[in-house]
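The next block holds one structure in the form of structure tokens; read it before the comments.
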Amino acid sequence: MKQSYKSSLRSHRVAMAVCVYVAAVVAFFVVRYSEAYAANRWIVALPTIVAAVFTLLHYRRGGIFVPLALVASAAGDLMGAQHLFIAQVAYFALAHIFYIVDFSRAASWRGHCPRVAALAVVTTGYLGLVLSHIGSAVEMAAVGVYGVIIFLMASCAVTQQRRHAVWYAVAALLFVVSDSMIVFNKYVGAVPYEDELVMTTYYAAQGLFAYLMLGREMSRD
């Protein structure tokens, strides 16, 4: 009876976290397309801050590295809002390193080599295309290193042995797609509806990672 009550309480907490996160995402898009955005660019970090807070509250059973990744991501969002590209890349690289540490604990390469190899081929080709359009040596190095790090994160995500493993893969690939559109739009050519597509896939990825971490707490996996 007591265990059932605790499980029900945790489920309600997760549901509340989801609702607050979605509300934060909606708030961002409302402000983003209003005149208030110019003075409130920080709001781009609101959803990741919300996700970081909720996951930090449950880190003892869900692990500390996903919350740390979300904190680093929020810092990256704030750097991006100030158009500090190198700082933004650095914070997101740190976020992916935290995700790698967390995901690697439950990753297994057995049986997953073909999908990792396919991911490597696509990443190498795409990264090569983008790098060929970058004139700055500093930015080329930053994007190249970041590309390797996010590839490692995605590789660990698609080889997860935890419950709901497919959703780790979906979240990671959404993150990869979001970042891929950012660098393509910045260096190669305009992406139609880039802002909407980038932010939608990004928030979906971060929301999934946070939700999976909170669910992990409930199932102890």
Side-chain angles (χ1 to χ4, degrees), residues 24-25 28-29 31-32 37-52 64-104 119-120 122-157 171-207 209-210:
V25 172
F28 162 74
F29 279 110
V31 175
R32 174 66 183 85
Y37 184 65
N40 295 278
R41 292 181 177 275
W42 63 269
I43 200 168
V44 68
L46 181 60
T48 42
I49 291 172
V50 167
I64 191 60
F65 291 104
V66 169
L68 289 176
L70 290 164
V71 170
S73 296
D77 289 335
L78 292 173
M79 294 301 102
Q82 298 175 62
H83 305 292
L84 301 173
F85 181 69
I86 298 300
Q88 180 185 21
V89 171
Y91 275 114
F92 275 108
L94 178 61
H96 288 306
I97 289 171
F98 286 135
Y99 279 134
I100 289 168
V101 174
D102 182 89
F103 299 162
S104 64
L119 184 62
V122 173
T123 301
T124 301
Y126 192 85
L127 195 56
L129 170 66
V130 172
L131 292 177
S132 69
H133 287 78
I134 301 178
S136 166
V138 173
E139 292 189 11
M140 183 181 294
V143 172
V145 171
Y146 183 80
V148 172
I149 292 174
I150 197 171
F151 162 74
L152 293 174
M153 182 280 291
S155 296
C156 290
L173 293 176
L174 283 171
F175 216 137
V176 171
V177 168
S178 179
D179 283 350
S180 296
M181 287 189 287
I182 290 175
V183 292
F184 191 95
N185 189 77
K186 182 176 179 63
Y187 296 113
V188 182
V191 176
Y193 305 106
E194 181 256 355
D195 191 49
E196 294 86 350
L197 292 172
V198 165
M199 299 313 298
T200 300
T201 50
Y202 170 68
Y203 288 140
Q206 297 283 41
F209 281 149

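Being a predicted model, the structure only gives us computed values, none of them experimental.
- Between Y146 and D179, the closest side-chain pair of non-hydrogen atoms falls below 4.5 Å.
- Of the inter-residue distances, the one linking I97 atom CD1 with M153 atom CE reads 12.0 Å to the nearest 0.5 angstrom.
- Listed here is the closest heavy atom pair of V183 and Y126: CG2-CE2, 4.2 Å.
- Residue M199 holds its CE atom at 9.0 Å from CZ of R32, rounded to the nearest 0.5 Å.
- Residues Y91 and V71 fail the side-chain proximity criterion, which asks for heavy atoms closer than 4.5 Å.
- The two atoms that bring G144 and L131 nearest to each other are N-CD2, 4.0 Å, heavy atoms only.
- At least one donor-acceptor pair under 3.5 Å links the side chain of N185 to the backbone N or O of V191.
- Contact detail for A120 and T124: the closest heavy-atom pair is O-OG1, 2.7 Å.
- The heavy-atom pair separating A51 from A210 by the smallest distance is CB-CB, 4.0 Å.
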Let me see the working for F28 and L46 under side chain to side chain contact (heavy atoms under 4.5 Å, CB included), right down to the final yes or no.
CA-CA 7 Å; F28 162 74; L46 181 60; 6.0 Å; no
Start with the C-alpha distance between V25 and V50, add both sets of side-chain angles, then the distance that settles side chain to side chain contact (heavy atoms under 4.5 Å, CB included), and finish with yes or no.
CA-CA 10 Å; V25 172; V50 167; over 6 Å; no
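- F29 has its side chain within reach of T200: a pair of non-hydrogen atoms, C-beta onward, lies under 4.5 Å apart.
- Contact annotation: the side chain of V145 never approaches that of V89 to less than 4.5 Å [non-hydrogen atoms, C-beta and beyond].
- Scanning both residues, A172 and A154, for their nearest heavy atoms gives CB-CA, 4.0 Å.
- A ring-centre distance under 6.0 Å is found for F209 and F103.
- No side-chain heavy atom of D77 sits less than 4.5 Å from a side-chain heavy atom of W42.
- Once rounded to the nearest 0.5 Å, the distance linking CG of D102 with CD1 of I100 reads 11.0 Å.
- Note: I49 CD1 to S73 OG = 11.0 Å, rounded to the nearest 0.5 Å.
- Across every non-hydrogen atom of S104 and V101, the tightest pair is OG-O, 3.0 Å.
- Checked against the 6.0 Å centroid criterion, the rings of Y202 and F175 qualify as a close aromatic pair.
- Atom-to-atom distance recorded for M181:CE and L197:CG is 5.0 Å, nearest 0.5 angstrom.
- The distance from atom CG of L68 to atom OH of Y99, rounded to the nearest 0.5 Å, is 10.5 Å.
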Between F98 and V66, does a side chain to side chain contact (heavy atoms under 4.5 Å, CB included) hold up when you go through it step by step?
CA-CA 7 Å; F98 286 135; V66 169; over 6 Å; no
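- The closest side-chain heavy-atom distance from V143 to L127 is below 4.5 Å.
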Step by step, work out the side chain to side chain contact (heavy atoms under 4.5 Å, CB included) result for K186 and E194.
CA-CA 10 Å; K186 182 176 179 63; E194 181 256 355; over 6 Å; no
